[in-house]
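This report refers to the structure that appears directly beneath it.
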Amino acid sequence: MSEKLQKVLARSGVGSRREMETFISAGRVTVDGKVAHLGDRINPNQLVRVDGHPVKLAAEEEQVCRVIAYHKPEGEICTRTDPDGRPTVFDRLPNIRGARWIAIGRLDINTSGLLLFTTDGELANRLMHPKFEVEREYSVRVFGEVNDAIIQRLRIGVELEDGKANFKKIKAMGGEGVNRWFNVVLTEGRNREVRRMWESQGTVVNRLIRIRYGDLLLPKHLPAGGYTEFGLEDVNYLRKLVHLSLETESLAKPEDRDERRRRMASIKRAVRKHQVNQKLVEKGEKPAPKPKTEKARSDEKKPGKTPFKGKSRTRI
């Protein structure tokens, strides 16, 4: 049976369906040596290349969908690479074989909190699509006078340059003076939407944290810059939410409390070291070398053994 090209590429982990449509429109995708067009359908035995590189097409029943939660800190951007050398949300994600992490939506450089990644481009596409109305909840600190009339307008809807927008829910969370905290809920993810809505009322957002996506909360134990993989139950919750078939297996490894504590401690050390190295790079200094593992030190002592000098990779 044939399927739409962008759907197969998304499922194969090349990118989200929206990204694949952009690739096809730009002439970056070929099928059996011919430039592909939007609307093309393909069979599993056809040769597909993206930017000249062959793609291993994944059948729906063969792929194991994986989802991780990443605690994005402020200062990171949601692109794979940045010409200005700024840190990106992909810098510390675990490396995986035969797939790639696809961001489910974006957070701007000054926003922190929960950011989901998956290996399934079709899942990413549906979770981002407005028609599924997946809730996103943010904790927001607002500077300025906020009265009942402003809150009511934000609930009903305010006009922005790209159309009307409203919060599904607004809950006051306290604060002092003209700095007050609110929890707000949206069912779409337009660019800087939360900030622009508050700015339309003459206030300024000076802290913004995403704390929930659907029913999945930002894990309390997860440090900024850290990640954790969801198990089968949570993955299938997301798939059911957007009407995709359920998974029967998971590659997430179960952890007891001690294992999780050790992993979180390791993540915190890696995050601190990454931050120090980033500051050194910004100053034009050489970053600190990675410490050698016990195995590497042992191998160096063995006669005729050449120490490994390649880039270390972390897998989950």
Side-chain angles (χ1 to χ4, degrees), residues 16 18-19 69-80 82-91 102-117 124-125 127-219 222-225:
S16 69
R18 189 179 305 172
E19 288 174 325
Y70 178 65
H71 188 166
K72 177 191 176 298
E74 293 181 12
E76 291 185 353
I77 60 175
C78 291
T79 58
R80 293 188 184 275
D82 179 58
D84 297 326
R86 293 173 296 181
T88 83
V89 295
F90 292 91
D91 288 347
I102 302 164
I104 301 174
R106 293 171 176 250
L107 296 175
D108 67 48
I109 190 170
N110 295 317
T111 300
S112 61
L114 179 62
L115 186 59
L116 301 183
F117 292 85
N125 181 72
L127 286 170
M128 290 185 285
H129 202 288
K131 77 174 183 180
F132 290 102
E133 297 187 337
V134 180
E135 290 188 352
R136 292 93 154 153
E137 185 171 356
Y138 297 82
S139 181
V140 50
R141 188 174 69 188
V142 178
F143 176 80
E145 294 294 337
V146 179
N147 54 37
D148 291 341
I150 288 176
I151 291 177
Q152 185 64 13
R153 284 196 293 271
L154 291 172
R155 282 198 181 110
I156 294 173
V158 295
E159 287 293 338
L160 303 177
E161 57 267 29
D162 53 356
K164 197 171 184 178
N166 72 291
F167 291 131
K168 187 176 179 181
K169 299 174 186 175
I170 307 178
K171 183 178 180 181
M173 303 300 291
E176 297 180 358
V178 290
N179 269 311
R180 295 175 59 189
W181 284 93
F182 296 87
N183 278 13
V184 299
V185 176
L186 290 169
T187 55
E188 57 183 358
R190 283 189 263 169
N191 184 41
R192 300 184 72 254
E193 189 171 6
V194 175
R195 296 181 187 275
R196 290 188 290 136
M197 288 176 67
W198 284 104
E199 288 168 1
S200 74
Q201 303 304 303
T203 60
V204 177
V205 171
N206 51 32
R207 285 291 303 280
L208 185 58
I209 309 165
R210 185 193 279 167
I211 58 176
R212 178 169 67 88
Y213 201 105
D215 285 347
L216 300 181
L217 298 171
L218 176 66
L222 194 62

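Just so you know, these numbers come straight off a predicted model, no measurement behind them. Just so you know, these numbers use all the heavy atoms, side chains as well, and skip hydrogens, waters and symmetry mates.
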[Y] and [X], any side-chain heavy atoms less than 4.5 Å apart:
| X | Y | value |
| --- | --- | --- |
| R80 | T88 | no |
| Y70 | L116 | no |
| E76 | D91 | no |
| L217 | R212 | yes |
| L218 | R210 | no |
| C78 | K72 | yes |

Measure across [X] and [Y] and return the closest heavy-atom pair with its distance rounded to 0.1 Å.
| X | Y | answer |
| --- | --- | --- |
| I102 | A124 | CG2-CB, 4.0 Å |
| V158 | S200 | CG2-OG, 3.8 Å |
| G225 | P73 | N-CD, 3.9 Å |
| A165 | R190 | CB-NH2, 3.3 Å |
| R180 | A172 | NH2-CB, 4.1 Å |

Problem set entry | Heavy-atom donor-acceptor pair, Y213 side chain to I104 backbone, under 3.5 Å | no

In Å and rounded to the nearest 0.5 Å, what is the [atom1] to [atom2] distance from [X] to [Y]?
| X | Y | atom1 | atom2 | result |
| --- | --- | --- | --- | --- |
| E137 | N183 | CD | CG | 5.0 Å |
| L114 | L216 | CG | CG | 7.5 Å |
| N206 | R195 | CG | CZ | 9.0 Å |
| S139 | R207 | OG | CZ | 8.0 Å |
| R136 | L107 | CZ | CG | 10.5 Å |

Exercise. Side chain to side chain contact (heavy atoms under 4.5 Å, CB included) between M197 and L160: does it pass, once the steps are laid out?
Worked result: CA-CA 7 Å; M197 288 176 67; L160 303 177; 4.0 Å; yes

Any residue meeting salt bridge (Lys or Arg N to Asp or Glu O under 4.0 Å) with [X], in chain and number order, not counting sequence neighbours:
| X | answer |
| --- | --- |
| R196 | E161, D162 |
| E133 | none |
| D215 | none |

For this session: Going by the ring pair (Phe, Tyr, Trp, His ring centres under 6.0 Å) test, name the single residue among W198, Y138, F143 that passes it with F182.
Result: W198

For this session: Provide the full list of side chain to side chain donor-acceptor pair (under 3.5 Å) pairs with a residue in residues 164-174, sequence neighbours left out, each pair given once.
Result: E135-K168

For this session: Walk me through it: do F167 and I151 pass the test side chain to side chain contact (heavy atoms under 4.5 Å, CB included)?
Result: CA-CA 9 Å; F167 291 131; I151 291 177; over 6 Å; no

Seminar exercise, completed: residues 141-152 vs salt bridge (Lys or Arg N to Asp or Glu O under 4.0 Å), sequence neighbours excluded, gives none

Exercise. Just by distance, with hydrogens left out, do T79 and R86 show a side-chain donor and acceptor under 3.5 Å apart?
Worked result: no

Problem set entry | Test ring-ring contact (aromatic ring centres under 6.0 Å, His included) applied to F117 - qualifying residues, sequence neighbours left out | F90

